[in-house]
Amino acid sequence: MSEIRVRFPPSPTGYLHIGGARTALYNWLLVKKLGGKLVLRIEDTDEERSTEASAQAILEGLEWMGITWDEGPYLQSDFAEEHRAAADELVRQGKAYRCYCTREELAAKREAAKAAKQSFQGYDGSCRSLSEDQRALLEDQGRPWVVRFKVDRGEGAVSFDDLVFGPTEVSLAELDDFVIVRSNGVPLYVLSNVVDDHRDRITHVLRGADHLVNTPKQVLLYRAMGWEVPAFAHMALTLDPKKAKISKRRHGEVVAVQFYRDHGFLPWAFCNFMALLGWSAGDDREIYETPEDLIQAFTIEGMAKRNSVFNYRKGDPKFITDPKAIHINAQHLRTMPVEILAPHVKQQLEAASIWSDAWDAGGEERDWFLRTLELVRVRYNFLTDFVTLARAFFDDDYPMEEKALRKSLRKDPALADYLPRLADRLDDLEIFDLETTEAALRALVDELSIKPGLLINAARVALTGQGVGPGIFDVFLALGQARTCARLREKAPLCAGE
RNA sequence: GGCCCCAUCGUUCAGUGGUUAGGACACCGGCCUUUCACGCCGGCGACACGGGUUCAAAUCCCGUUGGGGUCACCA
């Protein structure tokens, strides 16, 4: 069997959105699974909508996801000549022809057909049988023309075997003589795409099911050119909660890959989630620790035929996106090797200007950093949580949460006295560990005849600014003796309500 | 509307003739506990409908309904 070659051909009309990301991911998985090459092709032909910035954004999105390609990015516009040559060849062979009908004429005919309740409203083929004289006349008039592919109805039907949807057959009576070159001389997608895929020796076309209907036309084109038809695999679409097709226009940033990067998703967790939207290995597995795990499990057979819903919640403060996506991210966040998590957190801390190079250098500081990540990550969902929720561990300047202040610190004015006394006890400790700190705290609690929770919760708020977090003795150790005592004394006045 | 595709809990993914229809997320309880999480235990919750075929149907066939795709000189 010859080498598998697939392609991802985004049109640069905006950022990379989840539909495109999923298509790219599946192509990438397929190539990694079967061994082959992925070619990236920017389909920028025509379109006032295509922009350089968009192409750049798409590339960045792919890179962030960790999707690598083997060839390209090619620019479809660089091959315009080839596309035109293919059209010319088709005309030369009599498989395509110039059509001089204007849009207005066509529109009028469609209206008429509609009025007459005819089911077929495509092109009627009137220019197909133009005599040489008629043609010459129209040319002399300087009438603009498009090139139409001549659909040979005699064959009856076109068929192809879709790797996902199975054998597919479309009656040729349903197809009209479709346009392959615009009046401005620029070939259309349906043709360019075929020419490009042939030139790039694409063996498997894995794309969205929205392309299912123009596949027959493309099969006809391949055959007319005498080219081998690639295998097609169409993937069911991703819909929004209201079952509408996902689009950048309608859904905004929640469907942009960039959104997930900016909100603290791990690239791989995002891929893991995307892969599960419309695919499964046939078992109940959901977490794939590494790309290798997923690649191994991936099969085209596992791709679903039915559309899936990307269940994002608009305006829900608890779920910024599909809850499952958040869950998968959280799973990876707290189970992945901490050494691999570290660089991601570093990036976040650096961006927030609270990073210290010592945490990267090895030795004690490095160990502390990793231990601290281990300590806090279990309750986090996003990488961004490390700069917000975990801030007190990495920086002495941390915000005091109003609610926690009220509930724990100001619960009893006497805490203004208790906290410094706790600091004194902790200061006196020769050995500062889980056992000694707990013993010290409990001893104080006993002497004061108060509930442990009163002091513990107040200490947590004083130390971290938050009412929630790791066990208090773990916090003591993570902060260290000096910082713990200093903060307890520093924040004590807050208990009195200042 | 024509043509095409699809149809299992709210979402997602299993289940391809015989299952108490399973897992995950979400939701609701409980346990754990100094808080919040994690974890553990439990609950809620689906085969769209109607006909067939069969001893037996979520699984096969037909129809209906519902949803989606597409009908461009966009890609």
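Just so it is clear, the structure is predicted and the values come from calculations on it, not from any experiment. Letters go in sequence order (proteins before strands), and every chain restarts at 1.
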[atom1]-based separation of [M] from [N] [nearest Å]:
N     : M     : atom1 : result
B:A57 : B:G18 : C1'   : 9 Å
B:A21 : B:C5  : P     : 32 Å
B:A24 : B:C38 : P     : 14 Å
B:G30 : B:C36 : P     : 13 Å
B:U20 : B:A14 : P     : 23 Å
B:G67 : B:U11 : P     : 14 Å
B:C47 : B:U34 : C1'   : 48 Å
B:U64 : B:G10 : C1'   : 25 Å

Worksheet item: If you write RNA chain B from 5' to 3' in dot-bracket form, with Watson-Crick or G-U pairs under 3.5 Å, [ ] for crossing pairs and | for pairs with another strand, what do you get?
Response: (((((((..((((....[...)))).(((((.......)))))....(((((..]....))))))))))))....
For [X] and [N], give me the distance from atom [atom1] to atom [atom2], rounded to whole Å.
X        : N     : atom1 : atom2 : result
A:Tyr123 : B:G2  : OH    : P     : 25 Å
A:Lys314 : B:G10 : NZ    : P     : 24 Å
A:Asp283 : B:G23 : CG    : P     : 15 Å
A:Glu43  : B:C74 : CD    : C1'   : 11 Å
A:Asp240 : B:U11 : CG    : P     : 13 Å
A:Asp197 : B:A75 : CG    : C1'   : 13 Å
A:His211 : B:G69 : NE2   : P     : 13 Å
A:His234 : B:C6  : NE2   : P     : 13 Å

Item to complete: Evaluate the ring planes of A:Trp279 and A:Tyr288, with Trp represented by its six-membered ring, and classify them as parallel (under 30°), tilted (30 to 60°) or perpendicular (over 60°).
Response: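 Plane angle between 30° and 60°, so tilted.
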Base, sugar-phosphate, or nothing: which does [X] touch, judged by heavy atoms less than 4.0 Å apart?
X        : result
A:Gln466 : nothing
A:Val146 : base
A:Arg285 : nothing

Please identify each residue that fulfils side chain to side chain contact (heavy atoms under 4.5 Å, CB included) with [X], with sequence neighbours left out.
X        : value
A:Lys243 : A:Leu239, A:Val309
A:Glu402 : A:Leu405, A:Arg406, A:Arg410
A:Leu62  : A:Phe8, A:Leu16, A:Ala24, A:Leu40, A:Ile58, A:Ile67, A:Trp69
A:Val387 : A:Gln348, A:Leu349, A:Ala352

Practice prompt. For the side chain of A:Lys305, starting at C-beta, report the closest nucleotide among B:C6, B:G69, B:A75.
Written response: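 When the side chain of A:Lys305 is considered, B:C6 is the closest of B:C6, B:G69, B:A75.
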Worksheet item: Of A:Glu169 and A:Val309, whose closest RNA chain B nucleotide lies nearer the 5' terminus?
Response: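 Nearest nucleotide further toward 5': that of A:Glu169.
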Are [X] and [Y] close enough for a salt bridge, meaning some N to O gap below 4.0 Å?
X        : Y        : value
A:Arg7   : A:Asp200 : no
A:Arg84  : A:Glu81  : yes
A:Asp197 : A:Arg41  : yes

Item to complete: Determine, for nucleotides 24-41 of chain B in 5'-to-3' order, which nucleotides have protein heavy atoms under 4.0 Å from the base (write B), from only the sugar-phosphate (write S), or from neither (write -).
Response: BSSS------BBBBSS--
Practice prompt. Please determine if A:Lys491 forms a cation-pi arrangement with A:Tyr398, meaning its NZ or CZ atom is less than 6.0 Å from the six-membered ring centre and no more than 45° off the ring axis.
Written response: yes
Item to complete: Answer yes or no for A:Arg143 and A:Tyr100: cation-pi contact, defined as NZ/CZ to six-membered ring centre under 6.0 Å and angle to ring axis within 45°.
Response: no
Worksheet item: Using a distance-only test with no angle check, is there a side-chain donor-acceptor pair under 3.5 angstrom linking A:Asn329 and A:Tyr260?
Response: no
Worksheet entry | Contacts of A:Arg148 that satisfy side-chain hydrogen bond (donor to acceptor under 3.5 Å, both in side chains) - sequence neighbours left out | none
Item to complete: Could I get the full list of side-chain hydrogen bond (donor to acceptor under 3.5 Å, both in side chains) partners for A:Ser54, not counting sequence neighbours?
Response: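 Scan of A:Ser54 (side-chain hydrogen bond (donor to acceptor under 3.5 Å, both in side chains), adjacent residues dropped) gives none.
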Worksheet, complete the sentence: Of A:Leu441, A:Leu448, A:Asp446, the one forming a side chain to side chain contact (heavy atoms under 4.5 Å, CB included) with A:Leu444 is A:Leu448
Are any protein N/O atoms closer than 3.5 Å to N/O atoms in nucleotides 65-68 of chain B? If there are, list each pair with its distance.
residue : atom : partner  : partner atom : Å
B:G68   : O2'  : A:Asn307 : ND2          : 2.9

Worksheet entry | A:Thr45 vs B:C74: side-chain N/O to OP1/OP2 distance below 4.0 Å | no
Worksheet item: Quick one: is A:Arg207 getting a side-chain N or O under 4.0 Å of the B:A75 phosphate, OP1 or OP2?
Response: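 Looking at the OP1 and OP2 atoms of B:A75, neither is under 4.0 Å from any side-chain N or O of A:Arg207.
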Discussion item. Per the side-chain hydrogen bond (donor to acceptor under 3.5 Å, both in side chains) rule, what does the pair list look like for residues 460-477 of chain A, sequence neighbours excluded?
Written reply: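 Those involving residues 460-477 of chain A are A:Asn457-A:Arg460.
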Mind listing the N/O atom pairs, protein and nucleotides 57-62 of chain B, below 3.5 Å?
none

Discussion item. Between the base of B:C13 and the side chain of A:Ser280, is one N or O donor paired with an acceptor at under 3.5 angstrom?
Written reply: no
Fill in: Contact list for residues 205-215 of chain A, test salt bridge (Lys or Arg N to Asp or Glu O under 4.0 Å), sequence neighbours left out
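Sorted pair list: A:Asp210-A:Lys245.
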